[in-house]
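Here the structure is laid out as structure tokens; the discussion comes afterwards.
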Amino acid sequence: MFPSFCSCIHLSPWYNRRMKVTRTSMFTGITRTIDLPITEHDLRAWNNGMLIQNACPDLTADQREFIMTGVTSEEWEETFSEEA
């Protein structure tokens, strides 16, 4: 069974290498859905132990972080930025 936090959407008949991934942020508890350039196969490889950067090489570091933790780049910046 594939993880419940992912749902597949085909954006066009000729290009189906996209999925909507829903995750809940471990920082804020907010649930978000982001459309990412990955396949079910990519996520399955990661779930089976492959390093996420190898399983999903087309994703940015921020996109990979979202898949792993649900944390967005904005949340990361807010949490760890130094205020003057």
Side-chain angles (χ1 to χ4, degrees):
M1 182 72 186
F2 202 66
S4 61
F5 65 81
C6 300
S7 60
C8 185
I9 182 169
H10 298 289
L11 297 181
S12 71
W14 61 271
Y15 189 74
N16 62 3
R17 192 170 165 74
R18 296 202 67 88
M19 289 182 72
K20 288 190 177 184
V21 178
T22 300
R23 297 287 285 150
T24 301
S25 170
M26 61 187 297
F27 287 173
T28 64
I30 297 172
T31 300
R32 292 183 177 84
T33 300
I34 299 179
D35 188 22
L36 298 172
I38 58 172
T39 65
E40 188 174 317
H41 178 268
D42 298 335
L43 286 178
R44 189 170 286 129
W46 171 62
N47 282 320
N48 287 332
M50 184 180 283
L51 294 174
I52 195 163
Q53 62 267 32
N54 295 335
C56 306
D58 296 331
L59 298 183
T60 65
D62 290 339
Q63 291 169 328
R64 292 191 302 262
E65 185 67 35
F66 176 77
I67 289 173
M68 294 184 298
T69 66
V71 176
T72 64
S73 58
E74 293 82 11
E75 287 177 315
W76 193 268
E77 184 71 27
E78 286 176 18
T79 302
F80 295 106
S81 66
E82 293 185 28
E83 295 185 26

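Numbering of residues begins at 1 and proceeds along the displayed sequence. Remember, predicted model here, so these are calculated numbers, not experimental data.
Rounded to the nearest 0.5 Å, atoms CG (Leu36) and CG (Leu59) are 6.0 Å apart. Expressed to the nearest 0.5 Å, how far CG of Asp62 lies from CD of Glu77 amounts to 10.0 Å. Distance check, rounded to the nearest 0.5 Å: CD of Gln63 to OG of Ser73 gives 9.5 Å.
When all heavy atoms of Pro37 and Arg18 are compared, the pair lying nearest together is CB-NH1, 3.6 Å. Taking all atoms of both residues into account, the shortest heavy-atom contact from Ile38 to Asp42 is CA-OD2, 3.4 Å.
Under the salt bridge (charged side-chain N to carboxylate O under 4.0 Å, His left out) criterion, Asp58 pairs with Arg17, sequence neighbours left out. In this view, Glu65 satisfies the salt bridge (charged side-chain N to carboxylate O under 4.0 Å, His left out) rule with no residue, not counting sequence neighbours.
Both Met19 and Ile52 are part of a single hydrophobic cluster, where members link through side-chain heavy atoms under 4.5 Å apart. Connection of Val21 to Trp76 is not established within any shared hydrophobic cluster, with ILVMFWY side chains joined at heavy-atom distances below 4.5 Å, either directly or through further cluster members. Note on Phe66 and Met68: same hydrophobic cluster, where clusters join Ile, Leu, Val, Met, Phe, Trp and Tyr whose side-chain heavy atoms are under 4.5 Å apart, directly or indirectly. Under the 4.5 Å side-chain heavy-atom criterion for Ile, Leu, Val, Met, Phe, Trp and Tyr, Ile67 and Leu51 are members of distinct hydrophobic clusters.
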Between Glu75 and Arg32, does a salt bridge (charged side-chain N to carboxylate O under 4.0 Å, His left out) hold up when you go through it step by step?
CA-CA 12 Å; Glu75 287 177 315; Arg32 292 183 177 84; 3.2 Å; yes
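Between Thr24 and the options Ile30, Thr31, Thr69, a side-chain contact (heavy atoms from CB on, under 4.5 Å) holds for only Thr31.
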